[in-house]
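See below for the structure under consideration.
Per chain, numbering begins at 1; letters A, B, ... match sequence-line order.
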Number of protein chains: 2
Amino acid sequence: MAARNYAEYCGLARALELVGERWGMLVIRELIPGPKRFKDLTQGLRRIPSNVLSARLKEMEQAGVVERRVLPRPSGAVVYELTDYGRELDDVLLKLARWGTRSLGEPRDEDTSSPAALLLGLRSLFRPEHARGLRATYELRLGETVVHARVDDGALEVGEGPADADVTIESDLRLRAVMAGELSPADALRDGAARVQGDEALWERFPELFAI
Amino acid sequence: MAARNYAEYCGLARALELVGERWGMLVIRELIPGPKRFKDLTQGLRRIPSNVLSARLKEMEQAGVVERRVLPRPSGAVVYELTDYGRELDDVLLKLARWGTRSLGEPRDEDTSSPAALLLGLRSLFRPEHARGLRATYELRLGETVVHARVDDGALEVGEGPADADVTIESDLRLRAVMAGELSPADALRDGAARVQGDEALWERFPELFAI
DNA sequence: CTGGATCCCTCACGATACTG
DNA sequence: CAGTATCGTGAGGGATCCAG
């Protein structure tokens, strides 16, 4: 570890040594919503080889970014979670995600999107100033990826899995086009790019709340 | 290019495909102060192989992050500069640098620090609220690395090379210890970790303005 | 001299199989 | 489930070479 060094006395270079190796920041992305098991991580990061995941977790643990914890009995499960230091990267990942989203073209067939990826995307695109006075819970379903988002007057709270929602949106990766303003919510419904259950007005407002 | 894909439909993954490969963000760091020639880049990034630098520049040019430009005659020199899109990463690099600085230990003998690295470090550690009412120009000399910083009532402006400064500080990588509060400015002078010409009170105030 | 391109070697990554 | 073991490939590292 750290064998692959930049040999620069620079905070940025150091940061990249800690979390800049391949898959590193994506592992952190997966851990932002909360502690996860090894298996959960491999499911969120479909293409990561298990030995690489293992290596990254060990390196980041040593770097003080990630903590390995064994749950108390009877569970006994092993989970990984971000340390406080690691969690401070949240803001960086948010900004990087927003920046990179502008270069996201049309989805390819092999593209996947984990719950953690979708949550980061939602948070990175949320516009508090357009959510004034609104209080609503969205449930989003993209294939097997299910997440929810609570908007409360400029504040956003998100989580993996379903929720007791005011509106449930079932869509796919074409959801990006809606958020980019390339496809209107109404057209998305007509094209079958989205199906909505519940308060349909909230769906109309969706691309205003989360805009690329 | 992009053969090394994450196959994830996620802004963060896309960003990492564009600038997350080895040396990528460090090249951007070098370009933040302004356009640079290939040779300048190899000098700022001492350990980068020329073929890797060449590859990163080409990839980032294609990604719309970097622009290759040939200066008008008689210069005819080739320079690389950030596009507007690339410059938007400034804030990300700043935050990553600040985060990583906390994991910077003592400098190793082989460690270097380019002007661009030092400038990013200064900007990332600057505390505007501690610079109220102050107007001063610092010149910093760390070996061959010379930069300057103008503080003007909460605003900071930096640049490579010397300047007409109120105070000139000649130090080395031990400067980090001063900014971390591990070594007082007075002790640094006594230990020979720093030499100061000009307004010595500005040196006393330095670790307050730029703190880890 | 700058601005790279080329060559070769090594090692990290990727794929897969396997174990406690 | 939580990883480790093995092995092939290709990107990165280092040196050299070449064209303008």
Could you state the CZ-C1' distance from B:R69 to C:dG3, rounded to the nearest angstrom?
17 Å
Measure from NZ or CZ of A:R68 to the centre of the six-membered ring of A:F38 and say whether it is under 6.0 Å with the direction within 45° of the ring axis.
no
Whole angstrom is fine here: how far is it from CG in A:L57 over to P in D:dA2?
11 Å
For A:Y6 and A:A77, find the nucleotide of DNA chain D closest to each by heavy atoms; which residue's nucleotide sits nearer the 5' end?
A:A77
Measure from the side-chain heavy atoms of B:R37 and tell me the nearest of D:dG12, C:dA5, C:dG3.
C:dG3
Where along residues 27-35 of chain B does a heavy atom come under 4.0 Å from DNA chain C, residue by residue in number order?
none
I'd like to compare against my own output: the B/S/- annotation of nucleotides 14-20 of chain C with a strict under-4.0 Å heavy-atom distance to protein.
BBBB---
Looking at the side chain of B:S54, which of D:dT4, C:dA5, C:dG3 is the nearest nucleotide?
C:dA5
Are A:R195 and A:E170 close enough for a salt bridge, meaning some N to O gap below 4.0 Å?
yes
Could you work out which one of C:dT2, D:dC1, D:dG12 sits closest to the side chain of A:K39?
D:dC1
Is the shortest side-chain N to carboxylate O distance from A:R87 to A:D90 below 4.0 Å?
no
Quick one: sort the B:F126 and B:F210 rings into parallel, tilted or perpendicular, breaks at 30° and 60°.
tilted
Interatomic distance, OG1@B:T101 vs CD1@B:I212, rounded to 0.5 Å, equals 6.0 Å
Looking at A:R176 and A:E106, is any side-chain nitrogen of the basic one under 4.0 Å from a carboxylate oxygen of the acidic one?
yes
Between the side chains of B:R22 and A:E21, is the shortest nitrogen-to-carboxylate-oxygen separation below 4.0 Å, so that they form an ion pair?
no
Given atom CG of A:L53 and atom P of D:dT4, what is their separation to the nearest angstrom?
10 Å
Write down the distance between OH (A:Y80) and C1' (D:dC1), rounded to a whole number of angstrom.
11 Å
Checking side-chain contact (heavy atoms from CB on, under 4.5 Å) between A:V92 and each of B:D91, B:L96, B:L93, which is the one that passes?
B:L96
How long is the straight-line distance from NZ of A:K95 back to CG of B:L89, given to the nearest 0.5 Å?
12.0 Å
